[in-house]
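Each residue takes its place number in the sequence, starting with 1.
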Amino acid sequence: MLRLSIDYEFASRNWWENGGQELWDALREGFDAGGMMLEEHFAQSWLEQASSIEGWDEGSEHAPHPICVSPIEDDDPEL
């Protein structure tokens with residue numbers, strides 16, 4: 001499982017304005033606005049599509065993309 005969440009330190013709005021917002025909204029339906037847990041293969045597929053949208057790589061070194069990805073351990077209490 002992977003956790004996808006908005007990186008609020010990502011400064012550029014281009015990705016969001018070029019279709020990223022719609023892609024995120026379609027994915028997060030049924031989840032809270034800031035993040036969600038997904039099966040790894042589904043998350044990777046979504047990330048491939050997200051990274052093809054203009055603006056994906058416009059962040060700083062500490063926040064390179066608009067969406068953060070982090071692994072979820074089997075013993076994570078949120079599961």
Listed pairs under 3.5 Å, donor-acceptor, residues 12-23 side chains, sequence neighbours left out:
| from | atom 1 | to | atom 2 | distance (Å) |
| --- | --- | --- | --- | --- |
| Ser12 | OG | Asn14 | N | 3.2 |
| Ser12 | OG | Glu58 | OE1 | 2.7 |
| Asn14 | ND2 | Glu58 | OE1 | 2.7 |
| Asn14 | ND2 | Glu58 | OE2 | 3.4 |
| Trp15 | NE1 | Ala50 | O | 2.8 |
| Asn18 | ND2 | Asn14 | O | 2.9 |
| Asn18 | ND2 | Glu54 | O | 3.3 |
| Gln21 | NE2 | Asp25 | OD1 | 2.9 |
| Gln21 | NE2 | Asp25 | OD2 | 3.4 |

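- Remark: Trp46 engages Trp24 in a ring pair (Phe, Tyr, Trp, His ring centres under 6.0 Å) (not counting sequence neighbours).
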For residues 36-44, which side-chain N or O atoms pair as donor and acceptor with protein atoms under 3.5 Å away, sequence neighbours left out?
none

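- Between Ile67 and Ile6, the shortest heavy-atom contact is CD1-CA, 4.3 Å.
- Between His62 and Asp7, the shortest heavy-atom contact is O-OD2, 4.4 Å.
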